[in-house]
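Input: a single structure, listed below in structure tokens.
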Amino acid sequence: MPQPSTVSPRAAVLTDEPGLAADPIADTAARAALRARVRELVTEVAPPERVLELDEREEFDEVLYRALAADGILAIGADAAYGGSGDIQEQAVVIEELAAGPTSMAVYLIVHYMGVHILSSFGTEEQRRQWLTRLVKGEAKLSFALTEPDGGTDIARVMSTSASQVEGGWVLDGHKRWIGGTNTADFLLVLARTAEPERSSIDGVTMLLVPGQTPGLSPTVLPTASIRGFDTTEIRFEDVHLPASAVVGVAGSGFRQVLSTLNRERINAAAGAIGAARGALDATVSHARDRKAFGSTLGAFQAVQHRLVDGALAIEAARGLLVRAAAIESAGGRADNLSSMAKVAASEAAVKVTQDGMEIFGGMGLSRDLPIQRWWRDVRLWVFAPINNDMLRNNLGERLLGLPRSF
Ligand SMILES: Cc1cc2nc3c(=O)[nH]c(=O)nc-3n(C[C@H](O)[C@H](O)[C@H](O)COP(=O)(O)OP(=O)(O)OC[C@H]3O[C@@H](n4cnc5c(N)ncnc54)[C@H](O)[C@@H]3O)c2cc1C
């Protein structure tokens, strides 16, 4: 039985121009080289069988993580003083390439790059020295803990995790759920209510840096259907004592700090969805070429071809939005609407492509020895995370079209 490759036989970025190695708008020569390097690492370290094995065992790929660290890929987005080069456009390339194979590592990198951005933008000198330096070298991993059992989309209003100021620091109590990587994290960035909101529910929330071994912190791994190569946990905080220096940025402004990173997170989520969709589409095209039916192959049937073409079209349309959004953010602008549109388009493309893939694979789609079912499960994440598509449509209705606020 042919094993679908996780590495695209097509150019990762569509270029209609013969003789051009890459699309000059999406990929400069440096980004094309970065893309090629990440693909090489994926081929060498995380071939499809290994990705499926780790997914079955619900295990993080430490070998791939170390290889990414050795290549400086974890430092992208950090200042040059921390060994960083490149920005959101380069991060999106890395995430897309990972999601086309080991999707769980792409999800870790989305959290990781968010941490790099937060510590670079808001961290104190000491926090950067102690944590950012290790983060970018692959010597420390982080978790970002915002969502709670009572709410994700409406978290600012329902947040019950709180920190009270005591002499010399803070005491943190509460409960977070659906948090990536806490079981293996060396430190967490936790959002907690520290004051009653005065003007808006997003005020009075503080971001706290919590070392993973702090007494009173207990993570439990949650069994999930998706992203099984990166643990999803719930965490309880009981009487967790933290020094005053645990505050990241300004006390009471933690949620505003998170909002300032969201465009980047959406762009990277779009890159993940595009990568996974691409991996799934390539596997499906290759199956449609080989699978015989009615004296021909599946790929010869117009109904099958049209679905595959519509998938390719949806991917490239989403990529167009992503490339524009990332270029604006990278140039120092704010791509609020475009990053939301990229995330919606990419996650919906990924759901369509993987759903069609499952149908075109027929019974084989349900085989746990083939990756199509893993992408089909994994891409569900990006429909509702980091923020759900209905909410993004609410935002776009208000901000892009000037309609009344609908939530
Ligand atoms: C594998 C995984 C990893 C995750 N990693 C992290 C992490 O590292 N850190 C973290 O903090 N969180 C994480 N999350 C949580 C994720 O961000 C939330 O699941 C997400 O924000 C949605 O929140 P919710 O699940 O509470 O859904 P809800 O808020 O209950 O929303 C459910 C659905 O209701 C609809 N809906 C809600 N509000 C509206 C509205 N105003 N208008 C229209 N429709 C609406 C939408 O269709 C939405 O999908 C993770 C989740 C998973 C499953």
Side-chain angles (χ1 to χ4, degrees), residues 55 58 60 95 99 103-118 141-161 174-185 187-193 201 205 207-208 210 212 219-237 248 254-255 257-259 261-262 264-266 268-269 272-273 276 340 343-344 347-348 350-351 374-399 403-407:
D55 182 80
E58 300 194 53
F60 185 74
I95 288 165
T103 314
S104 291
M105 186 59 76
V107 174
Y108 172 70
L109 266 264
I110 293 173
V111 178
H112 174 95
Y113 286 143
M114 192 182 186
V116 168
H117 187 70
I118 287 173
K141 300 195 198 82
L142 96 152
S143 261
F144 176 80
L146 174 63
T147 308
E148 299 191 359
D150 288 339
T153 313
D154 197 20
I155 181 63
R157 251 173 285 198
V158 301
M159 188 179 295
S160 65
T161 297
H175 189 182
K176 298 281 179 186
R177 188 176 285 166
W178 309 119
I179 308 305
T182 315
N183 218 28
T184 47
F187 71 103
L188 291 81
L189 295 175
V190 180
L191 277 298
R193 191 154 282 294
S201 56
V205 172
M207 188 183 288
L208 296 163
V210 183
T220 313
V221 176
L222 299 170
T224 55
S226 303
I227 320 295
R228 288 159 54 90
F230 178 47
D231 57 283
T232 305
T233 62
E234 71 177 320
I235 324 160
R236 287 180 190 278
F237 303 92
V248 179
F255 207 88
Q257 291 165 197
V258 172
L259 293 181
T261 71
L262 280 189
R264 286 162 175 268
E265 205 190 354
R266 279 170 209 164
N268 281 341
S340 294
K343 192 278 205 181
V344 172
S347 57
E348 291 178 1
V351 167
R374 183 183 59 73
W375 282 305
W376 178 60
R377 290 183 279 115
D378 281 353
V379 300
R380 300 299 318 168
L381 175 72
W382 287 304
V383 175
F384 58 82
I387 180 165
N388 76 75
N389 287 356
D390 292 324
M391 191 63 192
L392 288 179
R393 285 189 165 88
N394 295 342
N395 289 338
L396 287 165
E398 187 185 356
R399 288 201 220 122
L403 293 168
R405 190 181 172 102
S406 64
F407 58 96

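Source: prediction; values computed, not measured. When a ligand or atom number is given, it counts from 1 through the structure's own listing order.
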For L146, which part has a heavy atom under 4.0 Å from ligand 1: side chain, backbone, both, or neither? both
Heavy atoms, side chains only, cut-off 4.5 Å: are L189 and M114 in contact? no
Is any N or O atom of R177, backbone or side chain, closer than 3.5 Å to an N or O atom of ligand 1? no
Measuring to protein heavy atoms, does anything land under 4.0 Å from atom 30 (O) of ligand 1? no
Does an N or O from D154, backbone or side chain, lie closer than 3.5 Å to an N or O of ligand 1? no
Element-labelled atoms of ligand 1 that are located less than 4.0 Å from some non-hydrogen atom of G151: 26 (O)
Ligand 1 versus T232: contacting region, heavy-atom distance under 4.0 Å: side chain
Under a 4.0 angstrom heavy-atom cut-off, which atoms of ligand 1 come close to F407? 41 (N)
Regarding ligand 1, does S226 bring an N or O atom to under 3.5 Å of one of the ligand's N or O atoms? no
Of all the atoms in ligand 1, which lie at a distance below 4.0 Å from a heavy atom belonging to F144? 7 (C), 8 (O), 9 (N), 10 (C), 11 (O)
For residues K176 and T182, determine if any side-chain heavy atom of one lies less than 4.5 Å from a side-chain heavy atom of the other. no
Return yes when at least one protein heavy atom is under 4.0 Å from atom 49 (O) of ligand 1, and no when none is. yes
Closest non-hydrogen atom pair between F144 and M207, with its separation: CE1-CE, 4.5 Å
pair T147-I155: side-chain heavy atoms closer than 4.5 Å: no
Heavy-atom proximity to atom 26 (O) of ligand 1, picking from P149, G180, G152, points to G152
Is there side-chain contact between Y113 and E265, with heavy atoms separated by less than 4.5 Å? no
Taking C-beta and beyond as the side chain, do M159 and S201 meet within less than 4.5 Å on heavy atoms? no
Any N or O on I227 sitting closer than 3.5 Å to an N or O of ligand 1? no
Sidechain N-carboxylate O distance under 4.0 Å for E348, R393: yes
Nearest heavy-atom neighbours spanning H175 and E148: O-CG, 3.4 Å
of all protein heavy atoms, closest to atom 34 (O) of ligand 1 is N388 ND2, 4.8 Å
Assess the residue pair T233 and N183 against the criterion (side-chain hydrogen bond (donor to acceptor under 3.5 Å, both in side chains)); give the C-alpha distance rounded to whole Å, side-chain angles, the decisive distance to 0.1 Å, and a yes or no. CA-CA 7 Å; T233 62; N183 218 28; over 6 Å; no
Would you check, one step at a time, whether the test side chain to side chain contact (heavy atoms under 4.5 Å, CB included) holds for T103 with R374? CA-CA 9 Å; T103 314; R374 183 183 59 73; 2.8 Å; yes
Filtering A385, A145, P386 for the heavy atom nearest atom 21 (O) of ligand 1 leaves P386
Is ligand 1 under 4.0 Å from a heavy atom in the side chain of K176, in the backbone, in both, or in neither? neither
How far is atom 13 (C) of ligand 1 from its nearest protein heavy atom, and which residue and atom name does that atom have? W178 O, 2.6 Å
Who gets closest to atom 3 (C) of ligand 1 by heavy atom: T153, L381, N394? L381
Can you tell me which residue and heavy atom of the protein come closest to atom 12 (N) of ligand 1, and the distance to 0.1 Å? T147 OG1, 2.7 Å
Got W382 and I110 here, is their nearest side-chain heavy-atom distance under 4.5 Å? yes
D390 heavy atoms within 4.0 Å reach ligand 1 at atoms 43 (C), 44 (N), 46 (C), 47 (O)
Which bit of F384 gets closer than 4.0 Å to ligand 1, counting heavy atoms only: side chain, backbone, both or neither? both
Would you call the rings of F60 and F230 parallel, tilted or perpendicular, taking 30° and 60° as the class edges? tilted
